[in-house]
Student: 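Got a structure for you, written out below as structure tokens; questions coming shortly.
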Amino acid sequence: MNETTLAFRNLFRQKRRSIISLAAVIFGIAALILSSGFIQWIFLDFREASIKSQLGHLQITRPGYFAAGSADPYAYLLPESLSKFLTPENTSDQIIAIVPRLNFSGLISHNESTLSFIGEGVDPQEHTFFGDALQITEGQYLSNTLPNHIIAGEGLAHNLGLNVGDRVVLLASTTYGGINAIEVVIRGLFTTVTKSYDDIAIRIPIETARKLLRTESTHRWIVLLKNTEQTDHTLAILRNSLPSNEFEIVPWYALADFYNKTVVLFSKQVLGIKVIIAAIILLSIFNTMSINILERTGEIGTAMALGVKRAGIMRLFINEGIMIGCIGGLIGLIVGLFFAHIISHVGIPMPPPPGMARGYTGEILVTAEIAIESLLLAVATTLVASIFPAWKASRMQIVDALRRNN
């Protein structure tokens, strides 16, 4: 009988103790899968919301716009169209749309109240490509047929006492250094993933923004892709297609500062959970193996007296620990996937996180990477926990071990 078969049979000799060890592994791996899957879903949802509500996958600007554009925005204007630079032959089939954005700031007045704002001139049709990441909480989105209607961030509207249908005056500096003003109507209120943005932002049709600023240009071209994973590939294609002295192409992850900090914070929390779960499994297996060795001292002495080498004794107990890790890890993975499916179907009501205006309903996203990491954690911790008890068993003196049989 080989060592692996013998180790497997030994698991059923002390059923209660083996079940306790397996339960610790199963519970730990299932908990790890659920917690990691929840964080993974947050990352994915937050990423896509940031991309589709504000950033796009790629942004095409003049070189230096993000470094110095806020101080002198009109020095970094782009042409009205990129059609002469980009053709189907030199772009990626991953691109869904390339839409213009014109950034500006100024004052917004309603009755006796005046506040500063940041504005974006956008193509009203882009909403069909970007979906509902920018949520309209009241009223409707922009329309090409209503050029003097705008949408305002929910926080800005609250601070000014605005409602849908109210008239406001926008005051901004033109590209020539003068001052221009227009009267517009609030068509809707919106929220994004960032509350600080909603507190100061408005969006207006880009043609209206151009009239306000007296320009035919734009600041950024926002590129939306079919698949976020194709960002770097499309970035390389566009950088080869557009002259670097005229255009700078920046991926979304270089602009998503809040998202990046959130990922770092939550990743550290998940690492802490992994360490705790690994410690629980390690201590549980270590305790089980140590007790097994004490109870089987006579058996170990008999085996060595019959010619089993010390290395064979050590491998036997290590195999037992690894089997507990493999069996417990697989069962824990199945349990975790089952509960992940149930919980995702029901949903997890969550309050608004810091910096966001609204709560959300969470889900659990279990990726192949999470599943593999969980299985490896189960096997690795049980292996480490088995080494010292196995080594201790292999160091026993035959005479002392046989004496325990008496």
Side-chain angles (χ1 to χ4, degrees), residues 53-86 97-109 114-126 130 134 142 144 147-153 156 160 168-184 190 192 194 196-224 238-239 241-252 254-257:
S53 65
Q54 296 181 44
L55 302 175
H57 290 98
L58 299 166
Q59 295 195 17
I60 303 172
T61 66
R62 290 293 190 196
Y65 171 75
F66 290 107
S70 58
D72 189 9
Y74 300 135
Y76 295 90
L77 291 172
L78 290 167
E80 182 179 356
S81 174
L82 289 176
S83 57
K84 70 176 183 178
F85 298 99
L86 294 177
I98 302 178
V99 295
R101 295 272 176 89
L102 182 60
N103 291 45
F104 61 100
S105 61
L107 299 175
I108 178 171
S109 298
T114 300
L115 292 175
S116 59
F117 71 88
I118 59 171
E120 281 189 305
V122 301
D123 184 349
Q125 296 303 314
E126 76 170 47
F130 284 77
L134 185 147
L142 301 173
N144 280 326
N148 289 328
H149 286 63
I150 71 170
I151 57 175
L156 178 65
L160 271 178
V168 297
V169 175
L170 304 181
L171 184 70
S173 299
T174 68
T175 55
Y176 300 102
I179 300 294
N180 195 17
I182 57 172
E183 186 179 58
V184 293
F190 68 83
T192 64
T194 308
S196 58
Y197 176 78
D198 302 339
D199 290 343
I200 57 174
I202 66 168
R203 289 192 175 184
I204 72 176
I206 191 165
E207 292 304 324
T208 305
R210 286 170 174 164
K211 290 179 181 178
L212 175 63
L213 305 180
R214 294 178 181 171
T215 182
E216 295 299 325
S217 303
T218 186
H219 280 120
R220 298 175 294 159
W221 288 93
I222 308 299
V223 181
L224 185 67
L238 291 180
R239 282 178 173 171
S241 303
L242 296 173
S244 59
N245 62 325
E246 294 188 48
F247 300 98
E248 180 181 11
I249 308 170
V250 183
W252 68 269
L255 303 171
D257 182 64

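All residue numbers refer to positions in the sequence shown, counting from 1. Since we're looking at a predicted model, the values are computed, not measured.
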Student: Any side-chain to backbone donor/acceptor pair from Tyr65 onto Arg220? Under 3.5 Å, distance only.
Tutor: no
Student: With a 4.5 Å limit on heavy-atom distance, are the side chains of Ile202 and Val184 in contact?
Tutor: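 Ile202 does not reach Val184 side chain to side chain.
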Student: Ala256 and Leu55: which non-hydrogen atoms are nearest, and at how many Å?
Tutor: CB-CD1, 3.6 Å
Student: Just so I know, are the side chains of Pro73 and His219 near enough to count as touching, which here means a heavy-atom distance under 4.5 Å?
Tutor: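 Heavy-atom side-chain distance check passes, below 4.5 Å.
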Student: Within the structure provided, determine whether Ile200 and Leu156 are in side-chain contact (heavy-atom separation under 4.5 Å).
Tutor: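 Not touching, per the 4.5 Å side-chain cut-off.
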Student: Should Phe190 and Tyr197 count as side-chain neighbours, where that means a heavy-atom distance under 4.5 Å?
Tutor: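 Counting from C-beta outward, Phe190 and Tyr197 do come under 4.5 Å.
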Student: Quick check against the 3.5 Å criterion: does Arg101 have a side-chain atom that pairs as donor or acceptor with the backbone of Glu120?
Tutor: no
Student: Does some side-chain heavy atom of Leu102 sit less than 4.5 Å from a side-chain heavy atom of Thr215?
Tutor: yes
Student: Ignoring hydrogens and angles, tell me if any N or O in the side chain of Thr114 forms a donor-acceptor pair with the backbone of Ser109 under 3.5 Å.
Tutor: no
Student: Using side-chain heavy atoms (C-beta onward) and a distance below 4.5 Å, is Tyr76 in contact with Thr61?
Tutor: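 No, every pair of side-chain atoms sits at 4.5 Å or beyond.
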Student: Less than 4.5 Å apart, any side-chain heavy atom of Leu224 and any of Val99?
Tutor: no
Student: Measuring from atom OG1 of Thr218 to atom CZ of Arg210, what distance do you get when rounded to the nearest 0.5 angstrom?
Tutor: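 Thr218 atom OG1 to Arg210 atom CZ measures 5.5 Å (nearest 0.5 Å).
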Student: Between Ser116 and Leu107, which heavy-atom pair has the shortest distance, and what is it?
Tutor: CA-CD2, 3.9 Å
Student: About how many Å separate CG of Asp123 and CD1 of Ile222, when rounded to the nearest 0.5 Å?
Tutor: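 Those atoms lie 12.0 Å apart.
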Student: Do Pro205 and Val122 touch side chain to side chain, with heavy atoms closer than 4.5 Å?
Tutor: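 Contact flag for Pro205/Val122 side chains = no.
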Student: My understanding is that only one of Leu212, Thr175, Leu170, Leu171 makes a side-chain contact (heavy atoms from CB on, under 4.5 Å) with Asn180; could you say which?
Tutor: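 By the side-chain contact (heavy atoms from CB on, under 4.5 Å) criterion, Asn180 pairs with just one of Leu212, Thr175, Leu170, Leu171: Leu212.
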Student: Roughly how far apart are Arg203 CZ and Phe117 CZ, rounded to 0.5 Å?
Tutor: 14.0 Å
Student: Checking the side chain of Glu246 only, and the main-chain atoms of Leu242 only, is there a donor and an acceptor separated by less than 3.5 Å?
Tutor: no
Student: Quick check for you: to the nearest 0.5 Å, what is the distance between Gln125 atom CD and Ile206 atom CD1?
Tutor: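 Between Gln125 CD and Ile206 CD1, I get 13.0 Å after rounding to 0.5 Å.
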